[in-house]
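Here is the structure we will look at.
Protein chains get the first letters and strands the later ones, always in sequence-line order, with residue 1 at the start of each.
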2 protein chains.
Amino acid sequence: MARNQKAKETRDAGASIALLWGEQDQPTRGPKPSLTPARIAQAAVALADAEGLDAVSMNKVAATFDVSAMALYRYVPGKGELVDLMIESILAGRPDLSVAGEDWRAQVTEWARQCLRVYQGHSWLLAATAMRRQAMGPQQLGWLDAALAALEPTGLTAAQRHHVFLLVVGLVRNLAQQSLDFDAERDREWNRLTGELLERHADRFPALTKALADGGFVPDTDPLAFGVDCILDGVQALIDRSGATSS
Amino acid sequence: MARNQKAKETRDAGASIALLWGEQDQPTRGPKPSLTPARIAQAAVALADAEGLDAVSMNKVAATFDVSAMALYRYVPGKGELVDLMIESILAGRPDLSVAGEDWRAQVTEWARQCLRVYQGHSWLLAATAMRRQAMGPQQLGWLDAALAALEPTGLTAAQRHHVFLLVVGLVRNLAQQSLDFDAERDREWNRLTGELLERHADRFPALTKALADGGFVPDTDPLAFGVDCILDGVQALIDRSGATSS
DNA sequence: TTCAATTGCTGATGCAGTAAACAGTTTAGG
DNA sequence: CCTAAACTGTTTACTGCATCAGCAATTGAA
């Protein structure tokens with residue numbers, strides 16, 4: 001029970017992974033393929049960037065190549081795998097943290113900033129990663145590796161570094177979500193109406209009401225820097241503590 | 001452009017919100033309605049709990065009441081709004097933080113623990129909240145209010161408290177995601193295969209490889225406590241700093 | 001040259017959400 | 001009391017989706 005996502009994940013796992021890693025022997029006989037998984041993924045990304053994730057259907061993607069929908073299935077097992085490829089596609093290139101110097105805090109901050117940039121540049125990424133299971137391809141692993149590398153000087157255990165990584169990713173995703181909601185003007189109406197309701201039920205939400213009165217949720221500082229600093233101050237405290245313990 | 005989610009969110013926003021808040025004047029004339037939005041939402045939740053979010057279709061939900069799919073549209077504008085109701089339904093009841101005493105750290109920790117319990121009890125919640133825009137109903141606002149209230153003793157600004165809230169939610173959601181991936185046995189195969197690939201390309205992922213060798217990502221402590229402590233240590237540092245500034 | 005492998009196509013299937021029109025039920029207002 | 005309006009649930013139908021099955025054309029290996 002609790003078969004959370006798509007129930008039909010029974011398709012050959014090996015094939016999907018080989019696809020993600022680009023490790024499939026191409027055929028010798030037969031007509032030359034006119035497409036590649038990568039090109040298909042690129043087209044899908046362009047479509048999603050322009051019209052949102054819902055606009056990405058096998059038909060529409062195929063249409064950009066003047067090809068029938070079923071042709072895509074010669075390159076990609078199904079739509080889910082296509083989404084995986086899309087994700088890998090926009091994560092291409094491991095983040096470059098060298099601009100942040102040697103300081104691990106600066107490096108983690110830079111990592112978060114670049115990650116956020118990706119999310120903001122592709123508004124569908126949030127939905128896409130939530131839709132699919134945690135199926136990490138090489139590019140995604142590259143980002144993970146970069147973050148863990150930045151955290152190595154902290155001296156934390158692998159598990160601890162992983163937790164910190166999760167904290168930072170969570171922050172980035174939340175900020176991305178937030179900035180998506182923010183400039184969606186059709187949500188203004190919604191916020192206005194909810195605001196009215198909130199006033200009417202102010203007694204049920206005392207802290208929230210007070211917070212709104214206090215200037216509300218308009219960020220006064222760079223939210224990313226704030227969040228990362230908060231996390232990393234916590235990490236620093238952890239380092240100090242374990243250092244004190246071990247000495 | 002970048003019309004992230006469903007393109008057809010043009011349906012009357014006022015009606016959806018009235019539905020969420022239960023603020024709709026019920027009719028006098030006509031046959032007595034045999035259903036209520038709340039009962040429909042409950043049935044949908046049961047379905048999602050048992051068979052996953054994908055199993056929640058208007059048809060299946062309607063079938064549990066021996067009613068045609070279209071009958072549901074007399075109570076709910078569309079599927080999106082139904083999902084919103086499902087979310088509100090399982091968040092019913094504001095979290096009770098009194099067991100944690102007066103300490104704000106303990107209260108925030110307790111909030112996170114209860115929140116995580118909800119996510120883990122309803123494996124579809126992650127996907128559902130990611131699918132929908134940030135459309136908070138009263139129950140969701142209640143959780144937000146409780147968190148903000150717990151953070152009031154910190155003396156942080158409203159915006160800062162909101163950021164901390166986002167950090168904690170991000171943490172909880174990541175942990176939920178993680179524990180979902182963990183006990184999904186059909187992902188074992190996937191992890192095994194990816195592990196092999198990773199070994200073969202160890203040079204591309206030095207930090208990751210080393211981390212795996214170091215005992216990997218098996219959590220050695222309570223991940224929730226670790227994350228919350230990390231965040232709250234950061235908050236404490238922030239408090240100390242601003243206290244020093246103002247004095 | 002022959003044949004097996006491979007590509008891309010057409011057509012069909014099943015399920016999803018939902019719009020429209022309709023038939024039956026209840027109550028407010030004359 | 002009676003009619004008209006409001007309301008409920010149904011049937012039918014439309015659109016779009018992912019995907020399966022089978023076919024025709026192409027191409028390298030034998």
*Please identify each residue that fulfils side chain to side chain contact (heavy atoms under 4.5 Å, CB included) with A/A150, with sequence neighbours left out.*
A/L97, A/Q107, A/V108
*asked:* Taking side chain to side chain contact (heavy atoms under 4.5 Å, CB included) as the definition, give me every residue that meets it alongside B/R200, ordered by chain and number, with sequence neighbours left out.
replied: A/E23, B/L197
To the nearest angstrom, how far is [X] atom [atom1] from [N] atom [atom2]?
X: B/L72; N: C/dA19; atom1: CG; atom2: P; answer: 14 Å
X: B/D54; N: D/dC17; atom1: CG; atom2: P; answer: 17 Å
X: B/K79; N: C/dA16; atom1: NZ; atom2: P; answer: 8 Å

*asked:* Run the ring-ring contact (aromatic ring centres under 6.0 Å, His included) test on B/W111 and B/F165 for me, step by step, so that the C-alpha distance in whole Å, both residues' side-chain angles and the decisive distance to 0.1 Å come before the verdict.
replied: CA-CA 10 Å; B/W111 187 96; B/F165 164 78; 5.7 Å; yes
*salt bridge (Lys or Arg N to Asp or Glu O under 4.0 Å) with B/R94: which residues, sequence neighbours excluded?*
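Result, salt bridge (Lys or Arg N to Asp or Glu O under 4.0 Å) vs B/R94: B/D145.
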*How many angstroms lie between CG in A/L47 and OG1 in A/T64, if you round to the nearest 0.5 Å?*
6.5 Å
*Atom pair NE2 (A/H122) and CD1 (A/I87), whose distance is rounded to the nearest 0.5 Å*: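 A/H122 atom NE2 to A/I87 atom CD1 measures 11.5 Å (nearest 0.5 Å).
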*If you look only at pairs with a residue in residues 27-49 of chain B, which of them pass as a ring-ring contact (aromatic ring centres under 6.0 Å, His included), with sequence neighbours excluded?*
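Non-adjacent pairs meeting ring-ring contact (aromatic ring centres under 6.0 Å, His included): zero.
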Sort me out a list of protein N/O and nucleotides 6-12 of chain D N/O pairs below 3.5 Å, or just none if empty.
unit_1	atom_1	unit_2	atom_2	d
D/dG9	OP1	B/S34	N	3.2
D/dG9	OP1	B/S34	OG	2.5
D/dG9	OP1	B/Y75	OH	3.3
D/dG9	OP2	B/Y75	OH	2.5
D/dG9	N7	B/R74	NE	2.8
D/dG9	N7	B/R74	NH2	3.1
D/dG9	O6	B/R74	NH2	2.2
D/dT10	OP2	B/S68	N	2.8
D/dT10	OP2	B/S68	OG	2.9

_B/F205 and A/W21 aromatic ring geometry - parallel, tilted or perpendicular at 30°/60° bounds_ =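 Geometry flag for B/F205 against A/W21: perpendicular rings.
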*Tell me, which of residues 57-65 of chain A have any heavy atom that sits under 4.0 Å from an atom in DNA chain D?*
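The stretch gives A/S57, A/M58, A/K60 as the residues lying under 4.0 Å from the strand, ordered by number.
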